[in-house]
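Computed from a predicted model, the values in this text were never measured in an experiment. Chain naming here is simple, since letters A, B, ... match the order of the sequence lines and numbering starts at 1 in each.
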Amino acid sequence: MAALTMGIWITAAYADIAIVGGRVYTMESPEPLRNATVLISDGRIEAVGTDIEAPFDYRQIDATGKIVTPGLIESYSQLGLVEIWAEGTTVDSQVEEYAVGPSLDISFAINPASTLLAVSRMDGVTRAVVAPMPGSDPLAGLGATIRLGGDKLLVESRAALFGDVTSSAANFTGGSRAVLLQRLNDAMHEAARFSPNRYRAEGDEYSRQDMAALKGFLRSGKPVVLRVDRAIDILRCIELAEEHGLRLIVLGGAEAWKVRETLAATNTVVVLSASGNLPAGFDALGARLDNAALLQQANVDVLYAGSETHNSRNLRQLAGNAVAHGVLWFDALKSLTQIAALTWKMSDAGVLRPGAVGDVVVWTGDPLEVTTWAAHVIIQGRIVRMHSRQTGLFHRYRSPD
Amino acid sequence: MAALALAAAAAGAREPYESTYEPLEAPDFLIASTSVYTGAGDMLEGVDVRVEAGRIAAIGADLPRDGVEVVDGAGRWLTPGIIDVHSHLGAYPSPAVDSTSDGNEATSPNTAEVWVEHSVWPQDPQFTLALAGGVTTLHILPGSANLFGGRGVTLKNVPSRTVQGMKFPGAPQSLKMACGENPKMYYGGKEMAPSTRMGNVAGYRAAWARAVAYREQRDAWLAGDADAPPERDLTLDTLVGVLDGEILVQNHCYRADEMATMMDVAQEFGYKITAFHHAVESYKIADLLAEAGICSAMWSDWWGFKLEAFDAIPQNAALVDAAGACAIIHSDSAELIQRMNQEAAKAMAAGWRMGMEISEARAMRWITLNAARALGIDGETGSIEVGKVADLVLWSRNPFSVYALADVVWIDGYAYYDRKTSKMPVRDFDLEQTVRGMSR
């Protein structure tokens, strides 16, 4: 097999694994399995339970006194698209002054050698949504899902269409949200009956490539993720999605709590980012720390996204803060695992059950706490080496002599 | 210069720009049987803390409770009020729109003449959010586009119609200086100096040389050796304030090598650097910083947003502290300032993860006493010690937990924030508009 040509490191990492003695949250029940064993074989979960004997030839990981969960899923990021924000040569997350909209497929830009991946996976982030950002069009393009280790980075390209209908995106359409929303609506109607031979773009209309991509997306059943904060704008996005039969995911959602009944009735998922309580602009005057709690109490599914891609590792701190402001602990953990996996159509991730992908984290304690860390991370059945550029710098300077 | 101020004082008037802050009258109280991080490096369990006339009057087991209101501290934790040495609240308020962006006088590489207190909008709703996170004192700095950004100001986190009403009485102003990418990229982009790091350093040295000459002219006049004082120069007034030791230097500087260069500049012109801010590479020269007695104000884990932040590591604060240098966690953010306790916790745990031993009591200094020291107010606040002002936070649980919330926040013994009763200052902007200002 591949290990023969790829050396000892990979061979060792492919070994079957038994995680023994931990408190295991499979995510199928809020009650953990105590002193349980998780077997991982051939990249997948083989068995989970309290009455399992670890085979002698499995590599054993002692999880006594520790907590075992599925790997965490970052629901919005630019992982692999940016190395250093201020260095344009390292940034591929957005396109400016170039006529491209929904046909932009960001998977062509993802860099598997990015230093951000090692930093993030060392803290238990095993999968991520990678999204383009709007640079000159409210529709930024098609995002992807990735794993942060394993044999192949890309899980799915064109996993969702990303857009922005906040006041700042309105600047792409002359400054008014009225134009922005009508343009989106018109473009989707146009795309539904798009025929490449008959289409001629006029003025600032979408190109043939964009219309073809939009048509393909409309038929795909994949979600459209719109950044939107103001309550009335969220309602308008819901109307837009209903008119076109789209599955909407709200990103940001500072005022989502104000329209939580409608969000619940339409099964609209909300991705919350950052702490989210600053009235940072006039779109977000209703921002509040218990947004997540209010949404979940109204049966709206909530996901979390780190506020800045370099610190996707702070995803769990964000969820911990949601718990401090009213979210149930298990619900917060579910948002980082099972619900994220279901939302992003990665149904083999986010849970620990036989057949699921072998993405597992062993935590030194409560994973939502700020004084715990990932003792072991396993992605697709392979043990992650706890090394990053940051650990290299630490070891070099720990003893300057 | 000084003569003007003296004239005002002689007339019995308040000096212009002086603090008008007066602590609010508050009843004496006692926090009973609580756990305490003193901020000075100690942890106490099951103690009472008694506050009289806005100051800490006694700390100990089973203190007399006569005639004072008793606050139940059982199961809760008391810390000094959190101090943020690097904030832009009021100068970059919410809502963050062009018309409120008042933090960077980016019109010349040297704007030492501007005072950020003249940009601070006391109605910024972010002050209340920071208070709910336990922040009782904050140092507002101008931005970092310039080599010399202007004067910073230390504020009490109290509601006030005027910025003067927030100024921490007696706290020294600071001079914000900036190394590295920001000045050279900003002015280089305008095809003017500085456009390189060597240009940055030449800019500092030229300005300090002018300041030294200005001070000599002033001193000659004060000594009666000159006919007239030098023509007043507001820019040089600030720099001379530093040379005279009245204004503290808060120096934005990411890279270790640039910090070492700045230490040489300070030595050449005879001034002291109080703290390097955003000092993401302090861990590379922690021994030099310890020797020079310079504090490092750091994030717990921000990195990679620009090249000079690419070598930031989460163990930075732990390594600086372990070397015996002064470690401070700062925010520079209206979001982080609400959770300084969590930032300190992450920085501590990052050290734990690599096998370093750091007690929670020690890490608490990073957001309290060490911060007070870097602002020159450690004689008044920053630790729970008898005689200091009662700037206190009572936490719902150990503040090194993500689940800990500030239950009560006192400033000079007055409870400005009480989570249980939703008592908090509501800024004008919040009224009938944000969640905080809605009618109940």
Side-chain angles (χ1 to χ4, degrees), chain A residues 82-87 90 115-116 119 122 257 274-290 307-311 313-314 316-321 323-325 329 364 366 368-375 386 388-398 400-401, chain B residues 94-97 125-126 129 132 181 185 256 281 283-287 300-316 319 322-323 334-336 338-339 341-346 348-350 352-356 360 396 400-405 429-430 433-436:
Chain A
V82 57
E83 205 61 20
I84 296 160
W85 283 116
E87 299 298 336
T90 75
T115 59
L116 281 74
V119 168
M122 268 187 67
W257 62 275
S275 66
N277 69 339
L278 296 179
F282 284 85
D283 279 15
L285 294 177
R288 57 194 292 175
L289 282 175
D290 55 358
S307 51
E308 203 280 302
T309 287
H310 289 79
N311 274 337
R313 56 187 170 188
N314 287 340
R316 57 202 188 94
Q317 182 192 5
L318 192 61
N321 277 284
V323 173
H325 292 94
W329 184 88
T364 58
D366 179 353
L368 306 189
E369 266 294 6
V370 277
T371 49
T372 59
W373 58 91
M386 292 299 197
S388 69
R389 211 172 155 271
Q390 299 193 339
T391 63
L393 285 161
F394 171 82
H395 290 299
R396 166 165 290 182
Y397 285 99
R398 179 172 192 173
D401 307 331
Chain B
S94 277
V97 290
Q126 297 173 151
L129 298 175
E181 289 184 24
M185 300 288 280
E281 288 191 7
Y283 69 95
K284 295 185 181 179
I285 53 163
D287 53 338
S300 65
D301 54 17
W302 284 17
W303 73 286
F305 41 93
K306 50 182 170 170
L307 187 55
E308 63 189 7
F310 198 48
D311 284 8
I313 64 172
Q315 291 80 19
N316 192 18
L319 287 169
E335 286 177 356
L336 253 54
Q338 301 179 45
R339 285 174 294 279
N341 57 314
Q342 293 177 25
E343 296 306 311
K346 286 189 296 179
M348 173 182 70
W352 290 355
R353 181 175 189 168
M354 300 308 259
M356 300 177 72
E360 292 170 325
S396 61
F400 289 99
S401 166
V402 75
Y403 308 120
L405 296 172
F429 185 80
D430 283 322
Q433 182 159 244
T434 76
V435 176
R436 284 167 301 286

### Task
Please report the C-alpha distance between B/T434 and A/R288 in whole Å, then the side-chain angles of each, then the deciding distance to 0.1 Å, and finally whether the side-chain contact (heavy atoms from CB on, under 4.5 Å) criterion is met.
CA-CA 9 Å; B/T434 76; A/R288 57 194 292 175; over 6 Å; no
### Query
Could you walk me through whether A/N311 and B/W302 pass the side-chain contact (heavy atoms from CB on, under 4.5 Å) check?
CA-CA 7 Å; A/N311 274 337; B/W302 284 17; 3.8 Å; yes
### Task
Test B/M356 against A/R398 for side-chain contact (heavy atoms from CB on, under 4.5 Å), laying out the working first.
CA-CA 10 Å; B/M356 300 177 72; A/R398 179 172 192 173; 3.6 Å; yes
### Task
Under the side-chain contact (heavy atoms from CB on, under 4.5 Å) rule, what do B/W352 and A/T364 come out as? Steps first, then yes or no, please.
CA-CA 11 Å; B/W352 290 355; A/T364 58; over 6 Å; no
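For the pair B/A349 and A/T371, the tightest heavy-atom approach, listed with the atom from each and the gap, is CB-CA, 3.6 Å. The two atoms that bring A/V323 and B/Y403 nearest to each other are CG1-CE2, 3.6 Å, heavy atoms only. Closest approach of B/P95 and A/G281 over heavy atoms only: CB-CA, 4.1 Å. Considering all non-hydrogen atoms of both residues, B/S94 and A/P279 come closest at CB-O, 3.3 Å.
Looking at B/L405, only its side chain comes within 4.5 Å of chain A, counting heavy atoms on both sides. Both the backbone and the side chain of A/Q317 come within contact range of chain B, judged by heavy atoms closer than 4.5 Å. Within the 4.5 angstrom heavy-atom criterion, only backbone atoms of B/A312 (N, CA, C, O) approach chain A. Contact annotation for A/E83: both backbone and side-chain heavy atoms come within less than 4.5 Å of a heavy atom of chain B. Only the side chain of B/M348 comes within contact range of chain A, judged by heavy atoms closer than 4.5 Å. At a 4.5 Å heavy-atom cutoff, A/S388 makes no contact with chain B through either its backbone or its side chain. At a 4.5 Å heavy-atom cutoff, the contact between B/Q126 and chain A is made by side-chain atoms alone. Contacts between A/A284 and chain B at a heavy-atom distance below 4.5 Å are absent for every atom of the residue.
Contacts with chain A were tallied for B/D311, B/L319, B/D430; B/D311 has the most, counting heavy-atom pairs under 4.5 Å. Ranked by heavy-atom pairs shorter than 4.5 Å toward chain B, the options A/G392, A/G286, A/A324, A/A375 are led by A/A324. Chain A forms the most heavy-atom pairs under 4.5 Å with one residue out of B/M185, B/K306, B/Q342, and that residue is B/Q342. The choice from A/V82, A/T115, A/L285, A/D366 that makes the most heavy-atom pairs within less than 4.5 Å of chain B is A/L285.
Inspection of the B/N316 and A/Y397 side chains reveals no N or O donor paired with an N or O acceptor under 3.5 Å. Side-chain N/O atoms of B/Q338 and A/N277 include a donor and acceptor closer than 3.5 Å.
Interatomic distance, A/F394 CZ to B/Q315 CD, rounded to the nearest 0.5 Å: 5.5 Å. To the nearest 0.5 Å, the span separating CZ on A/F282 from CD on B/Q433 amounts to 6.0 Å. Here CG of A/L368 is found 10.0 Å from OG of B/S401. Values are rounded to the nearest 0.5 Å.
Residues A/I84 and B/F310 have side chains in contact (heavy-atom distance under 4.5 Å, counting atoms from C-beta outward). Using a 4.5 Å heavy-atom cutoff, the side chains of A/T309 and B/F305 are not in contact. Contact of the A/L393 side chain with the B/K284 side chain is registered, since non-hydrogen atoms from C-beta on lie closer than 4.5 Å. Side-chain contact check for B/S300 versus A/N314: every heavy-atom pair is 4.5 Å or farther apart.
Checking side-chain atoms of B/W303 against main-chain N and O of A/H310 turns up a donor-acceptor pair under 3.5 Å. Distance alone, capped at 3.5 Å, places no donor-acceptor pair between the B/R353 side chain and the A/T372 backbone. Side chain of A/Q390 to backbone of B/P314: no donor-acceptor contact under 3.5 angstrom is found.
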